[in-house]
Amino acid sequence: MTQPDAVVVGSGPNGLAAALTLARAGLRVEVFEGADEPGGGCRTAELTLPGFANDVCSTVHGLAAASPFFAGYDLAARGVRLLVPKVAAAQPLDGGRAAAICGSVAETASGLGADAGAYRRLMEPLERDADAVLSLALSPLRSLPGRPVSAARFATEGVLPATVLARRLKTAEGRALLAGMAAHSIKSLTAPLTSAFGLTMLLVAHTTGWPVIAGGSGRLVAAMTAELTELGGSVATGCWVKCLADLPPARAVMLDVTPRQLLEMAGDRLPPGYRHAVRRYRYGPGVCKVDWALDGPVPWQNEACRQTVTVHAGGTIEEVARSEAAVAAGQHPEQPFCLVTQPGVVDQSRAPAGKQVLWAYCHVPPGSDVDMADRIEAQIERFAPGFRDLVLARSVLTAADMERYNPGYVGGDIAAGAGTLRQTIGRPTLRWNPYRVPLPGTYLCSGSTPPGGGVHGMCGMWAARTALRDMRL
Ligand SMILES: Cc1cc2nc3c(=O)[nH]c(=O)nc-3n(C[C@H](O)[C@H](O)[C@H](O)COP(=O)(O)OP(=O)(O)OC[C@H]3O[C@@H](n4cnc5c(N)ncnc54)[C@H](O)[C@@H]3O)c2cc1C
């Protein structure tokens, strides 16, 4: 074997995006993955019953669809088909009502009754400059905005707590919709910046429709590893890297790991100032996830919920806020806000004829080993009576299990670090180029760098571009 030009530790979407960016520039890249399968948060497996393809982590690929990294990638030619549901996302309320994102801002607003005007005023300026706003949201913070006016508007509204921004909306539906999107921040909705998460999620939903990948998220990783192999690279699985010194010598070392693993791997080799800064890095709450094999589609009372992959089952803004505040205070909510995905709405290949796969998670305190399955099922049953009768099998991963599954999910934090104000400005630390680790040729490329969590590959792409610049390539 010839010596690699670059090594990558971790084969999550960001590790593979970094590997591909370097390999396309002509470097020979070797990826070392600890688990037995590549893919990190983008794997598909039979978690419940034979013949049921459950996504172990990510399912909804709005961020991949909006990502400049994947835009430069002919996904269709590589056998990756994005399937877009009729309704991007829905949030049921008691009494069979629901808020739903369907198509454009104008179409969605028309379903929001008295909030139609307020929703248009909130979202249409962002929708008009969607490309510029999303490209900014998916870039390191130091990037200059393409459309400064839209960027300024996004920043001033985004910094608000979601509970404050929601005052512009009057209906239970409109307010619940914003709350469900903002809850993707995994923070109390009274915290600053939760609106930025809500607005970004809404914009991505309007722009991409929140698709899934036909056959399961693992297909995306299969396409990425296939291209890497064609370019002369390789992925070695079952190789946990404990120490940077264990890696073969290379011009660039890309680390798809979070600061905690970086400290373990690099230890005293890191300059004390950087080590100190990285130690201050904070992780957020965890998730408890349940996967099901079902005997049929979930019998949601509201029709929009039957036409979407993504259902936010948590009730009104007050209920969602209560659930997220409880988690922030270290408690397990009795009625948790649940993110539910039902890919079978658009992808019948995931389960035997007539059957369905389903997953849902709720936020829990860091490191929790509490099984929330009964509470999550109760929330789904509340909006879809008869759901429990359809359960053929279920599999539960507590937050503690999540970390055992992937050490990058510290305490079950699936976003590779808390979305605090400090860690939005400097992620993982305050540096002009956050990807460079102050060791020769070493870079962080995980969701602990900008733009953060999600399957978009942008952390990997930006980190690899830094490495290429440093190598004068
Ligand atoms: C339940 C759940 C649902 C989610 N849903 C969505 C969704 O619908 N849409 C979305 O966009 N995002 C979703 N996400 C988030 C998304 O999966 C992550 O943000 C994304 O995978 C991060 O990519 P990454 O490459 O930075 O890290 P990861 O995907 O975590 O990959 C890191 C890889 O590095 C490996 N590794 C770590 N340490 C070492 C080591 N020392 N040696 C060797 N290998 C190592 C790990 O095994 C892992 O394979 C979800 C996550 C979870 C857990």
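Counting convention: from 1, in listed order, for ligands and their atoms alike.
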Which is closest to [atom] by heavy-atom distance: [options]?
atom	options	value
atom 8 (O) of ligand 1	Val60, Asp256, Thr237	Val60
atom 7 (C) of ligand 1	Ser58, Cys239, Cys459, Gly41	Ser58
atom 19 (O) of ligand 1	Gly454, Gly457, Gly460	Gly454

Please check whether [X] reaches ligand 1 - meaning an N/O of the residue sits under 3.5 Å from an N/O of the ligand, judged on distance alone.
X	value
Thr59	yes
Gly34	yes
Cys445	no

Close-contact set for ligand 1 against [X] heavy atoms, below 4.0 Å:
X	value
Ser446	26 (O)
Phe32	43 (C), 44 (N)
Val257	38 (N)
Gly10	33 (C), 34 (O), 35 (C), 44 (N)

Ion pair check, Arg375 and Glu334, cut-off under 4.0 Å: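 Looking at Glu334 together with Arg375, the answer is yes, because their closest N to O distance falls below 4.0 Å.
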
Note: Arg388-Asp374 ion pair, threshold 4.0 Å (strictly below): no

When you measure from the side chain of Asp347 to the backbone of Gly215, do you find a donor-acceptor pair of N or O atoms at a distance under 3.5 Å?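 Yes; judged by distance alone, with no hydrogens or angles, the pair exists.
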
Side chain Thr229, main chain Ser234, donor-acceptor under 3.5 Å: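 No: the side chain of Thr229 does not pair with the backbone of Ser234.
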
Can you tell me if [X] has a non-hydrogen atom under 4.0 Å from ligand 1?
X	result
Val9	yes
Arg43	yes
Gln261	no

Look at the aromatic rings of [X] and [Y] and report parallel, tilted or perpendicular, splitting at 30° and 60°.
X	Y	answer
Trp292	Phe387	perpendicular
Phe70	Tyr73	perpendicular
His312	Phe337	tilted

Might you confirm whether atom CZ of Arg280 has over 12 heavy atoms from other residues, nucleotides or ligands at distances under 6.0 Å? no

